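If you scroll down you'll find the structure; I have some questions about it.
From a predicted model like this one, the values you see are computed outputs, not experimental measurements. Numbered from 1 within each chain, the chains take letters A, B, ... in sequence-line order. Because only heavy atoms are used, hydrogens play no part in the values below, and waters and symmetry mates are left out as well, while side chains stay in.
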Amino acid sequence: MLLLTDEQTRALDRYHGDLLGQFAQVFDVDTDSQAKQLSLGMRIASLIGALALGASVFFLFFQIWGLFATPVQVAILVLAALGTFVATLLIQRREGSGYFTKLAALVAFVCFVLNIAMLGRIFDVTPSDKALIPWAALALLLAYACDLRLLLVAGLLCIIAFIGSRTGTVGGMYWLYFGERPENFFPAALILFLVPQVIPHHRFGGFAATFRVMALLTLFLPMLVLANWGDLSYLPWDEHILKNTYQVLGFAASALVAWLGVQKGWVHVVNTGVVFFLIFLYTKFFDWWWEIMPKYLFFLVVGMTAVLFLMIFRRLRMRIA
Amino acid sequence: MKWSPKWTAVTGLSLIALVNLIVLIGVAYNRSGEPESRLRLTERELSVPRPWAFQKENSGLSLKLLWRVRDEESEGRAYYFGFVSVGGRATWLDGAKLKELGIEPPSSTATEAQKRRYDKLGAKEVFLALEFDGPTYRAVLERTRETAQRSQNEEAAGKAQWRAKWLRHEESESSRLFVIDAGLDAANLRAKYPDRTRYSIVRGRVHPPTTRYGKGEWGRVEGLAIDSVNVPLEFRPVFEGLTSRGYYPSAESPAGPKFEAAVAFGKRLEPSLTGATRKP
């Protein structure tokens with residue numbers, strides 16, 4: 001047993017404090033709960049700032065583009081896309097935390113989307129889903145180069161939309177209406193879920209989880225829609241049969257996803273599976289009992305179900321830990 | 001460990017430059033050589049969009065193409081509104097035409113599942129033939145005149161008044177641009193309508209009829225791929241003072257100046273404004 005004198009204890013504390021300070025400075029890590037809370041606030045501010053600046057760029061161009069001749073409009077659009085991309089990379093080199101890089105990267109992405117969309121508007125180009133490909137490419141390039149999950153989400157949304165529209169056109173529909181058939185999103189959900197299995201993302205914190213969560217949202221949200229409006233399905237069955245089928249599939253899939261998440265230790269997958277299981281469950285409770293049960297009893301049942309799930313989660317958490 | 005910054009910069013800049021080049025080459029190709037067709041339209045066929053929501057902050061100007069679909073069945077009704085630019089049921093989009101477009105209507109012995117499968121067919125992308133100030137418009141005008149005349153003699157005062165107002169609208173305000181045909185091959189459609197100053201071939205969408213509610217006879221023209229034309233800065237003075245015009249009969253003459261604009265449809269069947277003049 002090692003007994004330290006007071007002087008030695010103070011020296012050790014000073015050494016650990018200096019070490020934590022160095023870590024905070026070099027790697028921008030949170031060394032205590034206060035720093036962690038501040039970091040969360042900064043991330044939220046960064047996200048809101050990024051979205052607001054992106055919207056500002058969009059509306060600014062909307063307000064001024066009609067004042068210029070066509071060659072000037074094209075030049076502004078192209079230079080804005082190129083310039084903001086370069087600015088993002090320069091900001092990233094100077095800044096370690098990533099908050100300002102996130103702002104700049106989203107503005108660069110918005111400028112590129114605006115670039116192509118406005119060229120289409122200026123020259124009356126036929127709308128095409130092919131524009132989603134370069135948008136996704138730039139978003140993913142910025143995401144991986146600057147380690148930004150926000151841009152990864154933007155890129156994945158473009159990919160989901162592209163795969164959905166292509167699935168729709170294979171089914172014979174006009175590409176822009178792919179949202180009318182929620183099943184068009186299922187291939188994209190499967191592909192996105194498999195990507196982190198095929199391509200490891202160890203160097204990119206949170207990217208694999210983002211892929212999986214986006215995949216599950218792309219699977220479950222359309223299922224939820226079909227569970228309530230079965231007529232939107234491609235399948236030529238009776239609407240009630242379709243609704244019931246997708247309700248059962250929704251329950252089964254969300255339970256399976258939660259189980260898979262527990263097996264693999266994927267916390268985000270467990271949470272997403274459980275959330276959708278609850279949504280499907282409460283939707284059924286509403287269908288069965290809202291009209292026939294006294295309201296106090298209905299909400300009591302909902303509350304007791306939540307308590308039951310709380311107990312299940314506690315056991316799951318202990319098991320994952 | 002991050003990707004090489006140099007590689008990222010080169011890839012990103014190349015991507016942005018390449019995509020812009022592809023778009024601009026496509027535009028140049030569309031506008032190269034002689035246009036596929038050229039129509040001289042007026043304020044009856046081109047309108048300023050209504051200033052809703054963000055439109056008020058938009059400094060650009062795009063003129064909306066006001067196109068129609070003839071629906072002979074509805075024309076005979078007492079109060080006919082002749083909807084503009086929102087598509088419509090087309091009596092020429094019958095079973096035979098739908099088959100030609102690759103849409104097989106269900107037979108009379110079809111099962112419920114087959115009917116449901118058919119009803120779930122969405123809009124199909126096709127080529128549409130636009131006719132400007134041609135036989136279709138003349139036929140609509142003639143029928144409107146006959147109905148107005150009959151209303152004067154036979155119907156109640158309210159209907160007669162409406163019919164008279166509608167006749168004035170058709171003669172001087174309504175769009176003379178009609179979607180009259182559809183096909184899967186633009187060249188074949190052009191061969192059928194060779195006059196490039198009266199007929200334009202454009203991309204659009206048709207929707208098969210639904211078997212529900214007994215409305216299974218005719219399909220519907222749903223829309224054009226591009227139904228507006230951007231106004232370049234050099235032509236903006238022509239459209240100064242222009243306001244969005246209503247699509248229905250107005251009490252007095254339509255508001256705003258009168259103009260004539262040349263709209264060219266290029267090799268990719270995309271429109272562009274190539275000329276505009278104000279009329280006295």
Side-chain angles (χ1 to χ4, degrees), chain A residues 59 62-70 72-74 77-78 81-82 85-86 88-89 92-93 108 112 115-116 118-127 131 133-135 137-138 141-142 144-147 168-169 171-177 180-181 203 231-239, chain B residues 1-5 7-9 11-13 15-20 22-24 26-27 30-31 54 57-62 102-103 111-125 203 205 207 222-223 225-226 228-234 236 266 268-273:
Chain A
F59 285 111
F62 218 48
Q63 189 127 39
I64 65 169
W65 73 294
L67 307 174
F68 303 111
T70 304
V72 177
Q73 289 174 339
V74 174
L77 286 168
V78 176
L82 291 169
F85 178 75
V86 169
T88 302
L89 297 182
Q92 191 219 0
R93 280 181 74 175
F112 186 50
N115 176 186
I116 306 305
M118 291 309 297
L119 280 183
R121 192 158 171 161
I122 289 166
F123 296 110
D124 297 307
V125 175
T126 309
I133 301 173
W135 291 341
L138 190 77
L141 180 67
L142 286 168
Y144 283 95
C146 305
D147 200 10
T169 52
M173 72 190 323
Y174 179 52
W175 73 269
L176 205 54
Y177 296 163
E180 287 183 358
R181 295 278 175 258
R203 290 181 298 168
D231 218 24
L232 296 176
S233 169
Y234 273 115
L235 300 168
W237 302 345
D238 177 74
E239 192 187 349
Chain B
M1 193 174 123
K2 303 269 190 312
W3 292 1
S4 152
W7 186 90
T8 304
T11 306
L13 292 173
L15 173 68
I16 294 169
L18 182 65
V19 171
N20 277 281
I22 290 171
V23 172
L24 293 171
V27 169
N30 180 62
R31 297 183 180 198
F54 306 127
E57 295 194 27
N58 184 9
S59 62
L61 177 64
S62 285
I103 300 169
T111 61
E112 283 306 311
Q114 284 171 328
K115 283 183 188 172
R116 273 195 290 269
R117 183 175 285 116
Y118 179 75
D119 286 339
K120 288 182 185 224
L121 290 177
K124 187 179 174 110
E125 204 171 3
R203 291 179 204 277
R205 303 176 301 282
H207 199 292
E222 202 174 78
I226 308 163
S228 63
V229 185
N230 182 51
V231 178
L233 191 66
E234 60 263 34
R236 290 289 290 272
R268 297 203 312 189
L269 309 180
E270 292 163 355
S272 58
L273 198 69

Residue I22(B) versus chain A: region with a heavy atom under 4.5 Å |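 Interface part for I22(B): neither.
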
Side chain of R236(B), backbone of G66(A): donor and acceptor closer than 3.5 Å?
->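 Between the backbone of G66(A) and the side chain of R236(B) there is a qualifying donor-acceptor contact (under 3.5 Å).
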
Interchain contact, V229(B) with chain A, by part (heavy-atom threshold 4.5 Å) |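 Both parts, heavy atoms under 4.5 Å.
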
Donor-acceptor pair, side chain of N115(A) and main chain of N20(B), under 3.5 angstrom |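 Flag not set: sc N115(A) to bb N20(B) has no pair under 3.5 Å.
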
Which atoms of P134(A) approach chain B - backbone, side chain, both or neither, heavy atom under 4.5 Å |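 Looking at P134(A), backbone and side chain both touch chain B.
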
Count the heavy-atom pairs under 4.5 Å between each of V27(B), V23(B), T11(B), N30(B) and chain A, then report the option with the highest count.
->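 Option with the top pair count is V27(B).
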
Where do W7(B) and L141(A) land on the side-chain contact (heavy atoms from CB on, under 4.5 Å) test, with the steps shown first?
-> CA-CA 10 Å; W7(B) 186 90; L141(A) 180 67; 4.0 Å; yes

Do the side-chain N and O atoms of Y234(A) and R117(B) include a donor-acceptor pair separated by under 3.5 angstrom?
->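 Not at all, the side chains of Y234(A) and R117(B) share no donor-acceptor pair under 3.5 Å.
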
Toward chain B, the part of Y177(A) with a non-hydrogen atom under 4.5 Å =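 Just the side chain, heavy atoms under 4.5 Å.
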
Options S233(A), P127(A), P236(A), ranked by heavy-atom pairs under 4.5 Å with chain B, top entry =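 Of the candidates given, the most pairs with chain B belong to P236(A).
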
Tell me, for I116(A) versus chain B, whether the close heavy atoms (under 4.5 Å) come from the side chain, the backbone, both or neither.
->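 When you check distances to chain B, only side chain atoms of I116(A) fall under 4.5 Å.
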
So what's closer than 4.5 Å to chain B heavy atoms on L89(A): side chain, backbone, both or neither?
->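 L89(A) touches chain B through side-chain heavy atoms alone.
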
Establish, from distance only, whether the side-chain atoms of S59(B) and Q63(A) form a donor-acceptor pair under 3.5 Å.
->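 On atom types as modelled, these side chains do not qualify, holding no pair under 3.5 Å.
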
Would you name the heavy atoms of L233(B) and L67(A) that are closest together and state the gap between them?
->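 Heavy atoms of L233(B) and L67(A) come nearest at CD2-O, 3.8 Å.
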
What are the two closest non-hydrogen atoms of L13(B) and L82(A), and how far apart are they?
->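 Smallest heavy-atom distance, with atoms named: CD2-CD2, 3.6 Å.
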
Looking at A145(A) and T8(B), what are the two nearest heavy atoms and their distance?
->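 For A145(A) and T8(B), the tightest heavy-atom pair comes out as CB-CG2, 3.4 Å.
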
Which value, rounded to the nearest 0.5 Å, describes the distance between D238(A) atom CG and E112(B) atom CD?
->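 With rounding to 0.5 Å, CG (D238(A)) is 9.5 Å from CD (E112(B)).
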
Does the E270(B) side chain pair with the main chain of V125(A), one donor and one acceptor, at a distance under 3.5 Å?
->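 Here the side-chain-to-backbone pair does not exist.
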
Output the distance between atom OG (S62(B)) and atom CD1 (I122(A)), rounded to the nearest 0.5 Å.
->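 Spacing of OG (S62(B)) from CD1 (I122(A)) equals 9.5 Å.
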
Give a yes or no on whether the backbone of L235(A) and the side-chain of K120(B) come within a donor-acceptor separation of less than 3.5 Å.
->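 Pair found, side chain donor or acceptor close to backbone of L235(A).
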
Do R203(B) and T126(A) come within less than 4.5 Å of each other through their side chains, counting heavy atoms only?
->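 Result yes, sub-4.5 Å side-chain heavy-atom pair found.
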
Heavy-atom pair with the smallest gap, counting every atom of I16(B) and F85(A) |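 Distance-wise, the nearest heavy atoms are CD1-CB, 4.0 Å.
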
Given a strict heavy-atom distance threshold of 4.5 Å, which part of T70(A) is in contact with chain B: side chain, backbone, both, or neither?
->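 Answer is side chain: those atoms of T70(A) sit under 4.5 Å from chain B.
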
Report the C-alpha separation of E222(B) and Y174(A) in whole Å, then their side-chain angles, then the decisive distance to 0.1 Å, and conclude whether the side-chain contact (heavy atoms from CB on, under 4.5 Å) test is met.
-> CA-CA 11 Å; E222(B) 202 174 78; Y174(A) 179 52; 5.7 Å; no

Is chain A contacted by the side chain of I226(B), its backbone, both, or neither, given a heavy-atom distance below 4.5 Å?
->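 Answer is side chain: those atoms of I226(B) sit under 4.5 Å from chain A.
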
In terms of heavy-atom pairs under 4.5 Å with chain A, which of K124(B), R31(B), R268(B) leads?
->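 Option with the top pair count is R31(B).
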
